[in-house]
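Data block below; observations after.
Sequence lines set the chain letters: A, B, ... in the order given, protein chains first and strands last, and positions in each chain run from 1. As the structure is a prediction and not an experimental result, all values here were calculated from the model.
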Amino acid sequence: GAGVSQSPSNKVTEKGKDVELRCDPISGHTALYWYRQRLGQGLEFLIYFQGNSAPDKSGLPSDRFSAERTGESVSTLTIQRTQQEDSAVYLCASSLRSGGADTQYFGPGTRLTVL
Amino acid sequence: GEDVEQSLFLSVREGDSSVINCTYTDSSSTYLYWYKQEPGAGLQLLTYIFSNMDMKQDQRLTVLLNKKDKHLSLRIADTQTGDSAIYFCADVGPQKYNFNKFYFGSGTKLNVKP
């Protein structure tokens, strides 16, 4: 594909609802990353996939957060029982491989607003 | 964990040079990156430097690395209004689970005045 795509671009939800965010990586990229960017802050690492395996889940902020990946393609980040502090831009990135600090290519992000 | 610090704002006039600074704490860093984020967009890779290099030049961009002081800078020559964006420094930590974790600074917002 041309680049990393994410959907929806914007999501407004009520506190307590569940949301699903989707990421389509660049075709052929085996590694996929999710980050959270709060307003005016840097990127906070959430989770990384190598293929459909997530060896490091330590970045997920709470057990309300989960992520899945189908093969080496689409990934979904699910936030259950959303809270206002979950409001942020959620960025997805992919890279050809995970080792050797391979360059990460970012999607445009999903802006999540929890009312 | 790794700490990456950047100043929050920089304002320059069109045509001047911009210098964006970054400090990091992990002495085992192997790569350091600069990303650019325009409003409403994701992060776009600008350039990166290996830790065994002191300098890297790419057209209007010059990256300087002082490994002793753990200081990285990005110089943009002849800054244009289109360079207005947020610039993120990223440090790559040691490999764990066959994965090099990126640590991002909070970003420097560059404002270029015409």
Notebook entry, point to check: Can the ring centroids of A:Phe106 and B:Tyr35 be said to lie less than 6.0 angstrom from one another?
Noted result: yes
Next item on the list: Determine whether B:Met53 and B:Tyr24 fall in the same hydrophobic cluster, where Ile, Leu, Val, Met, Phe, Trp and Tyr are linked whenever their side-chain heavy atoms lie under 4.5 Å apart.
Entry: yes
Check: If two hydrophobic side chains count as joined below 4.5 Å and joins carry through other members, does B:Val12 share a cluster with B:Leu8?
Finding: no
Item checked: Interface residue of largest heavy-atom contact number with chain B, from A:Ser9, A:Gly42, A:Gly109, under 4.5 Å -> A:Gly42
Item checked: Closest-packed option against chain A by number of heavy-atom pairs under 4.5 Å, given B:Gln6, B:Gln37, B:Lys109 -> B:Gln37
Notebook entry, point to check: Under 4.5 Å between side-chain heavy atoms, hopping through other hydrophobics if needed: is there a path connecting B:Leu61 to B:Leu65?
Noted result: yes
Note to self: Can you confirm whether A:Tyr33 sits close enough to B:Phe102 that some side-chain heavy atom of one is under 4.5 Å from a side-chain heavy atom of the other?
What the structure shows: no
Margin query: If hydrophobic clusters are built from ILVMFWY residues whose side chains come within less than 4.5 Å, do B:Val4 and B:Phe50 share one?
Written below: yes
Notebook entry, point to check: So what's closer than 4.5 Å to chain A heavy atoms on B:Leu45: side chain, backbone, both or neither?
Noted result: side chain
Check: Near A:Glu14 CD, under 6.0 Å, is it more than 12 heavy atoms from other residues, nucleotides or ligands?
Finding: no
Notebook entry, point to check: CZ of B:Phe104 to CD of A:Gln37: how many Å apart, nearest 0.5 Å?
Noted result: 9.5 Å
Margin query: Need one label for A:Gln6: side chain, backbone, both or neither, based on atoms under 4.5 Å from any heavy atom in chain B.
Written below: neither
Check: Given a strict heavy-atom distance threshold of 4.5 Å, which part of A:Leu43 is in contact with chain B: side chain, backbone, both, or neither?
Finding: both
Item checked: Joint hydrophobic cluster, B:Leu64 plus B:Phe88, side-chain heavy atoms closer than 4.5 Å -> no
